[in-house]
There are 2 protein chains.
Amino acid sequence: MKPHGKVEFVKVVTKSSTVEDYVKVIYAFTEWQDKAITSSQLAVRLGVANSSVSEMVRKLKEQGLVHHQPYSAIKLTERGTVLALAMVRRHRLLETYLMRELGYGWDEVHDEAELLEHAVSDKFIERMSSKLGHPQRDPHGDPIPAPDGTISLPDATLLSLLDAGHRGKITRISDDNPELLRYLAHQDITLDADIEVLGQRPFGGSLMVRIGSGTDTADFDVPEEVSSALWVESTHPHADCTLT
Amino acid sequence: MKPHGKVEFVKVVTKSSTVEDYVKVIYAFTEWQDKAITSSQLAVRLGVANSSVSEMVRKLKEQGLVHHQPYSAIKLTERGTVLALAMVRRHRLLETYLMRELGYGWDEVHDEAELLEHAVSDKFIERMSSKLGHPQRDPHGDPIPAPDGTISLPDATLLSLLDAGHRGKITRISDDNPELLRYLAHQDITLDADIEVLGQRPFGGSLMVRIGSGTDTADFDVPEEVSSALWVESTHPHADCTLT
DNA sequence: TCTTTAGATTAGGCACATCTAATTCAGAAA
DNA sequence: TTTCTGAATTAGATGTGCCTAATCTAAAGA
């Protein structure tokens, strides 16, 4: 058959690791609060100039991965969310695997996972997942999305926002500061530890908390830097909220 | 202190994954024979145009990774060899790990390792190596260089070059054709199997070989395509040759 | 309402790794 | 020795993702 008429050029969507990083960061920003990310926040998190973000966001929009009106915040589309969740799944499974199978420390897994998540195949990810028994949470307490993009977020609140008297257990620890993680590990402040807010020191000072249960408890003064990295799940039962 | 005089720009050597691929292929070409690789052979193996190789080789030379006179073959420098062996170590440890720990098949490991070798950290490689008990050979029989770049090559000969009557064991199976690997696995032709060359069919036909030992043997007609992918170590003891 | 200003976008370039097309070279053939 | 030919190199261009500098805009303050 002879070709006739006009030749059409179909734009092939390139899932470069840059694109993967952008959608991952856009997703991560909204995982634990509602506001959408702005251009400059995205730039800071990615370590690039504002102008780079503007340009890249235009490309992401062309590829149908984000919604964006000039001068306003950036939101993932359905397709963008699917890609982001796939990356989050990769990242969190890798972190879990590195700790459990290769003896990595709590504070070491993040950077390595960051490197690997763009390189491994889907087959690799699924093999890892079955070897680990299909875990639901990573070592920092973050939920691992299912292969189909389903994710269930625990009903957690930032420790720094809790009032005195509140009780619960530590359900998530932000993983983007290795030094903080080392400090917490050293203090035996771990995932799933029981925690009670005792009160706040005056003039915006540290938060006083009690960690542990029964007779095995210890009190700590927690500076804002730390309390804004810890999420607490209230002991009183509560409905889960599920995103798809 | 006020800056004065001329500002100097120091060229930072970028170990991009492209550079890693080039040195790896240059090294691999000379691993089992002596001739250095030419520009066009390199282009074929990397799947790029000749011109791309010319340009890239100039850059590799600038970085002190290769020796090269225009219009002649390309050789690795000391530094280039060190980098190449580091990549080879990565690749072969990854292949071994994927098979032993993640249930990958003989024919599946190559491509995955190709992706991972540029992404993993040295820490990851060394953790894998200890988990595996510091193996000396990968699943295809290729020797794994030590972290310091030492590698000991077995005294192996290409099956297609052996005369009738020669006996030995299969010590290496070229890993760059997954289909061939599947065929061999299906025929139970495996690493370390005993092999005897029975003769050659006339007019440049297949090689006739006997695989196995004692009473458990089987005869095969091996086409050139296959016999040039199998390496045999003579049963008669022989000195090892060691490269550094 | 007008002005200011911080944040976002466009303009113009650069580095990297690739391509096609044109050119040059080394070694074999005449 | 000269000619030819295939391999190697250079020239010029592309796409991606980044930068700085210049410009624009939306929303807050006067």
Side-chain angles (χ1 to χ4, degrees), chain A residues 7 9-26 29 35-76 80 83 87 114-115 117-119, chain B residues 7-26 29 35-75 80 83 87 114-115 117-119:
Chain A
V7 178
F9 291 93
V10 177
K11 168 75 188 193
V12 176
V13 175
T14 328
K15 275 196 313 185
S16 72
S17 78
T18 309
V19 168
E20 291 173 346
D21 277 334
Y22 273 78
V23 296
K24 198 185 62 172
V25 172
I26 297 169
F29 190 84
K35 284 192 294 292
I37 199 167
T38 66
S39 192
S40 50
Q41 288 170 317
L42 192 43
V44 170
R45 274 155 207 257
L46 288 163
V48 300
N50 276 350
S51 55
S52 307
V53 171
S54 279
E55 201 147 324
M56 199 63 200
V57 165
R58 187 169 44 69
K59 288 178 193 163
L60 295 179
K61 192 178 176 183
E62 270 172 25
Q63 296 181 21
L65 294 169
V66 300
H67 297 297
H68 183 233
Q69 297 311 114
Y71 297 98
S72 62
I74 299 144
K75 293 195 188 98
L76 291 175
L83 177 56
M87 295 314 295
E114 200 86 337
L115 294 176
E117 64 191 8
H118 304 296
Chain B
V7 177
E8 274 186 51
F9 291 92
V10 176
K11 169 74 188 195
V12 176
V13 175
T14 328
K15 274 196 315 185
S16 73
S17 77
T18 308
V19 169
E20 291 174 346
D21 277 334
Y22 274 79
V23 296
K24 199 185 61 170
V25 171
I26 297 169
F29 190 84
K35 285 192 292 294
I37 198 167
T38 65
S39 190
S40 51
Q41 288 170 317
L42 191 43
V44 170
R45 274 156 208 256
L46 288 164
V48 300
N50 277 350
S51 56
S52 308
V53 172
S54 278
E55 202 143 326
M56 198 62 199
V57 166
R58 188 170 44 70
K59 288 177 193 163
L60 295 180
K61 192 180 174 183
E62 270 171 25
Q63 296 182 20
L65 295 169
V66 300
H67 296 298
H68 183 233
Q69 297 310 115
Y71 299 97
S72 62
I74 300 144
K75 293 196 188 97
L83 178 56
M87 295 314 295
E114 200 84 338
L115 295 176
E117 64 190 11
H118 304 296

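Only heavy atoms go into these numbers, but all of them, side chains included; no hydrogens, no water, no symmetry mates. The shown structure was predicted, so the numbers you read here are calculated from the model rather than taken from an experiment.
Rounded to the nearest 0.5 Å, atoms CG (B:L65) and CD1 (B:I74) are 12.5 Å apart. Note that CD of B:E117 is 7.5 Å distant from CD of B:E20, once rounded to the nearest 0.5 Å.
Across every non-hydrogen atom of B:V57 and B:V66, the tightest pair is O-CG2, 4.0 Å. In terms of heavy-atom proximity, B:Q41 sits nearest to B:A36 at OE1-O, 4.4 Å. What you find for A:A73 and A:H68 is that their closest heavy atoms are O-CD2, 3.6 Å.
More than 12 heavy atoms of other shown residues, nucleotides or ligands fall within 6.0 angstrom of atom NZ in B:K61.
One atom, NZ of A:K59, and another, P of C:dT10, lie 13 Å apart when rounded to the nearest Å. Per the geometry, NE2 belonging to A:H118 stands 12 Å off P belonging to D:dG17, to the nearest Å. Going from atom CZ of A:R58 over to atom C1' of D:dG17 covers 12 Å, rounded to whole Å. Atom CD of B:Q69 is separated from atom C1' of C:dG27 by 17 Å (rounded to the nearest Å). Straight-line distance from the CD atom of A:Q41 to the C1' atom of C:dA8: 13 Å, rounded to whole Å. In this structure, A:N50 places its CG atom 14 Å from C1' of D:dA22, rounding to the nearest Å. The distance between atom CG of A:D21 and atom C1' of D:dC18, rounded to the nearest whole Å, is 14 Å. D:dG17 atom C1' lies 12 Å from atom CG of A:L46, rounded to whole Å.
Contact check, B:S54 against D:dT10: no side-chain N or O comes under 4.0 Å of OP1 or OP2. One finds a side-chain N or O of A:S52 lying less than 4.0 angstrom from the OP1 or OP2 phosphate oxygen of D:dC19. Taking only side-chain nitrogens and oxygens, B:S16 comes nearer than 4.0 Å to OP1 or OP2 of C:dA17. For the pair A:T18 and D:dG17, the criterion of a side-chain N or O lying under 4.0 Å from OP1 or OP2 is met. Between D:dA8 and B:S40, a contact under 4.0 Å exists linking OP1 or OP2 to a side-chain N or O. Neither OP1 nor OP2 of D:dA7 sits under 4.0 Å from any side-chain N or O of B:T38.
Minimum atom distance to the side chain of A:E55 is reached by D:dC18, of the listed D:dC18, C:dC19, D:dT9. If you check C:dT18, D:dC19, D:dA8 against the side chain of A:A49, the one that comes closest is D:dC19.
Of the residues near DNA chain C, B:S51 and B:M56, the one whose nearest nucleotide (by heavy atom distance) lies more toward the 5' end is B:M56. Both B:S39 and A:Y22 lie close to DNA chain D; mapped to their nearest nucleotides by heavy-atom distance, the more 5′-ward contact belongs to B:S39.
Annotation: side chain of A:V19 is in contact with side chain of A:S16 (closest heavy-atom distance under 4.5 Å). Inter-residue side-chain proximity for B:M56 and B:V53 is flagged as unmet; no heavy-atom pair is nearer than 4.5 Å.
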Might you list the N or O atoms of the protein lying below 3.5 Å from N or O atoms in nucleotides 25-28 of chain D, with each pair's distance?
unit_1, atom_1, unit_2, atom_2, d
D:dT25, O4', A:Y71, OH, 3.4

